[in-house]
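In the text below, chain A, chain B and the rest are named by the order of the sequence lines, each starting its count at 1.
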Amino acid sequence: MLKRYKRLGYIFLFLLVQSLFAQNALAELKIVITEGVNTARPIGILPFRWEGSGTPPSSISDIVAADLTRSGQFTPVAENQLPQTPMDINSIDFKAWTAKGIDSLLMGSVNSNASGQYVVNFKLVDLAKGHLIEEEKADAASQNVLLLNNQGIITGPQVRNFAHRVSDLVYEKLTGKKGAFLTRIAYVVVKDSGTYPYQLMVADYDGYNEKQIVRSKEPIMSPNWSPDGKKIAYVSFENKHSQIFIQDVATGKREVIASYPRHNGSPHFSPDGSKLAIVLSKSGSLQVYIYDLQTKNLTKLTSGRANNTEPFWFPDGRHLIFTSDRSGHPQIYKLDLATKQTQRITWQGDQNLGGQISPNGKEMIMVSQIQSHYNIAKQDLTSGVVQVLTKTKLDESPSLAPNGSMIIYSSIYGHNNVLSLVSIDGRFKARLPMANGRVRSPTWSPFLQ
Amino acid sequence: MMKSLQIIKVASVLSLALVLSACTTKVPEDQTDDAMSSAGVTTISGAEDTANTSGLAGNDANLVNGVNNNGYMTEAQKQAQQEQIRQQQRSVFFAFDNTQISDEYIPMLTAHATYLRSHPMVKAVIEGHTDERGTPEYNIALGERRAQVVAQYLQSLGVLSNQLSIISYGEEKPLDRSQTEAAYAKNRRAVITY
């Protein structure tokens with residue numbers, strides 16, 4: 001069931017409906033959209049028809065609608081604004097849809113089979129093309145108007161992941177870019193009381209299926225996914241000093257890979273997964289090192305009296321950015337691993353830190369301090385132009401979706417740390433309020449296999 | 001008659017002088033310490049310290065054990081006073097983005113240094129903390145610097161370097177999680193722990 005949507009400037013509350021359907025054990029990241037809906041492209045999404053017997057699955061169309069909305073690029077049309085609810089593509093009155101500016105329609109059906117599985121059929125219809133064909137009186141049932149015509153056979157527990165795959169397919173067909181809806185996030189939850197106030201959690205990117213993977217009496221920080229999406233590196237103070245762990249998400253097995261004197265921090269996997277960039281202060285100030293996961297060799301990359309931290313790899317694996325206060329205040333520098341040449345790349349604002357490189361290597365998002373405000377900003381690495389993306393308070397720990405389209409980050413809202421989303425062009429913003437504690441240090445997984 | 005009286009007078013003056021000089025040779029040692037403690041110890045308070053200490057808010061520590069012997073404390077009394085300071089006060093608080101130790105913490109740090117010097121097998125860990133402005137990993141650096149300046153000060157007072165280690169928690173362990181300037185001020189600290 002699609003809910004009502006209001007126009008630009010109003011706040012949407014998905015959370016009411018989603019919370020009605022959610023299980024108690026799930027802590028959801030409920031989404032509150034704060035800006036930008038009217039710039040998104042209208043899309044028609046019809047509830048998938050239930051044609052089976054027994055219990056219907058969770059609504060696939062609801063999940064797809066929520067996914068596409070969060071991308072900031074689509075607005076599913078409200079149910080009462082749908083011109084019609086056709087049962088099949090032959091019943092589509094294309095003109096009625098295109099007259100409302102809707103050029104795509106997702107429709108489908110779900111059946112059950114003898115083994116108790118769900119058989120899902122769905123179609124993505126190019127309404128504009130259909131309208132053209134209609135005008136020319138051609139056969140609308142031809143495959144020409146179908147951008148997608150797929151079937152899947154799934155079990156109940158697979159429904160959410162399947163719906164995210166549908167969203168990926170729709171998104172790719174309509175934007176030409178890879179969707180990031182079948183992804184996960186990891187984040188730290190800090191509670192004000194309890195024996196284990198620090199918890200490292202993993203969830204679907206939309207907050208469902210939240211799972212605790214570590215809990216501790218001492219701080220946990222800086223989680224980072226491996227490129228195969230199977231492991232997370234993080235910093236834990238559980239042994240009364242900082243150590244870097246790598247943990248397998250599925251099995252829970254973990255090992256300590258760095259436990260030198262003083263700080264061990266800021267772990268980041270290389271794009272091929274074979275190395276970890278880390279930060280150690282055993283030499284007297286924070287310095288960037290590369291730890292080879294196979295040979296266990298440690299290579300020091302930076303030196304000097306200044307602090308160098310927050311390394312992040314370029315997708316080519318041959319360059320790194322990092323934060324350094326060698327100029328007096330933290331700024332971001334780029335290091336060529338072959339030549340060891342370092343150059344400063346941020347020149348605006350008072351401080352720039354926490355940099356991340358986009359998957360195409362062309363943009364950098366970072367935390368920028370301008371006149372005592374800390375916001376997320378984006379820098380075009382070719383032109384050097386900087387755009388401030390957020391207006392939330394005390395923004396930190398940004399993490400890019402693996403398709404580069406969205407940024408999740410931690411900020412303050414109403415005296416709490418919450419997770420927020422902003423689209424890479426800055427136009428779509430949303431807040432994900434967390435019920436159970438302060439949420440920090442989000443990190444977006446790679447595309448999941 | 002007159003002569004013997006005079007001798008007695010001179011003798012008594014002399015002996016009085018001797019007694020007085022004996023007293024005064026002792027005093028310089030005490031006097032220096034007293035001068036230091038009275039100079040620094042007037043108000044060891046501030047809201048920040050009471051956040052860490054239990055009770056005795058705003059007390060003038062000079063009077064805790066009382067004074068006698070014409071205003072000079074005995075060694076034992078001085079040591080007890082220092083130990084009290086050492087147990088009750090463990091935190092140095094800092095200004096925003098700053099790592100300088102303000103004078104008001106010198107008596108407290110002196111008390112810790114005295115204890116550590118006289119117990120060379122005892123080790124202390126100095127924690128460094130920041131408020132939440134900035135990024136978590138970069139704030140580790142600021143926390144480390146705060147812990148380091150306290151460690152360096154203690155070493156300048158004679159504490160052995162192998163008695164001290166530092167750890168930075170950056171912004172991860174605030175005392176006060178509210179987002180006010182007052183809360184931030186409580187979080188910017190270095191803490192001596194045993």
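- Heavy-atom proximity under 4.5 angstrom to chain A picks out nothing from residues 115-126 of chain B.
- Contacts of A/S266 with chain B are made by both backbone and side-chain atoms, with heavy-atom separations under 4.5 Å.
- Scanning residues 141-155 of chain B against chain A with a 4.5 Å heavy-atom cutoff picks out B/A141, B/E144, B/R145, B/Q148, ordered by number.
- Ranked by heavy-atom pairs under 4.5 Å with chain B, the list A/V235, A/T323, A/V367, A/L353 is led by A/L353.
- Highest contact tally toward chain B, considering only A/S281, A/S285, A/S397, is held by A/S281 [criterion: heavy-atom pairs under 4.5 Å].
- Atom-to-atom distance recorded for B/E132:CD and A/Y374:OH is 10.5 Å, nearest 0.5 angstrom.
- With respect to chain B, the highest number of heavy-atom pairs below 4.5 Å among A/H241, A/Q369, A/M221 belongs to A/M221.
- Rounding to the nearest 0.5 Å places OH of B/Y138 at 8.5 Å from CG of A/L286.
- Looking at heavy atoms from C-beta onward, B/P136 lies out of side-chain contact with A/S222 at the 4.5 angstrom threshold.
- Across all non-hydrogen atoms, the minimal contact from A/E396 to B/T135 is OE1-CA, 4.1 Å.
- Residues B/E172 and A/R440 are paired through a salt bridge, judged by an N-O separation under 4.0 Å between the basic side chain and the carboxylate.
- In this structure, CG in B/D97 is found 6.5 Å from CD in A/Q351, a value given to the nearest 0.5 Å.
- Interface remark: A/D192 contributes side-chain atoms only to the contact with chain B (heavy atom separation under 4.5 Å).
- Looking at every heavy atom in both residues, B/Y169 comes nearest to A/P219 through CD2-CG, 4.1 Å.
- Rounding to the nearest 0.5 Å places CD1 of B/I167 at 6.0 Å from OG of A/S242.
- Of the listed residues A/K240, A/R262, A/E218, the one with more heavy-atom pairs under 4.5 angstrom with chain B than any other is A/R262.
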Check your understanding: When you look at A/H263 and B/E137, which way does the side-chain contact (heavy atoms from CB on, under 4.5 Å) test go after all the steps?
Key -> CA-CA 10 Å; A/H263 190 64; B/E137 284 285 355; 3.0 Å; yes
Practice item. Evaluate the side-chain contact (heavy atoms from CB on, under 4.5 Å) criterion for residues B/R177 and A/N417: first the C-alpha distance (whole Å), next the side-chain angles of each, then the deciding distance (0.1 Å), finally the verdict. Key: CA-CA 10 Å; B/R177 292 192 187 274; A/N417 293 112; 5.8 Å; no
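- For A/V279, no part lies near chain B; criterion is any non-hydrogen pair under 4.5 Å.
- Atom CG of B/N139 sits about 11.0 Å away from atom CG of A/N307, to the nearest 0.5 Å.
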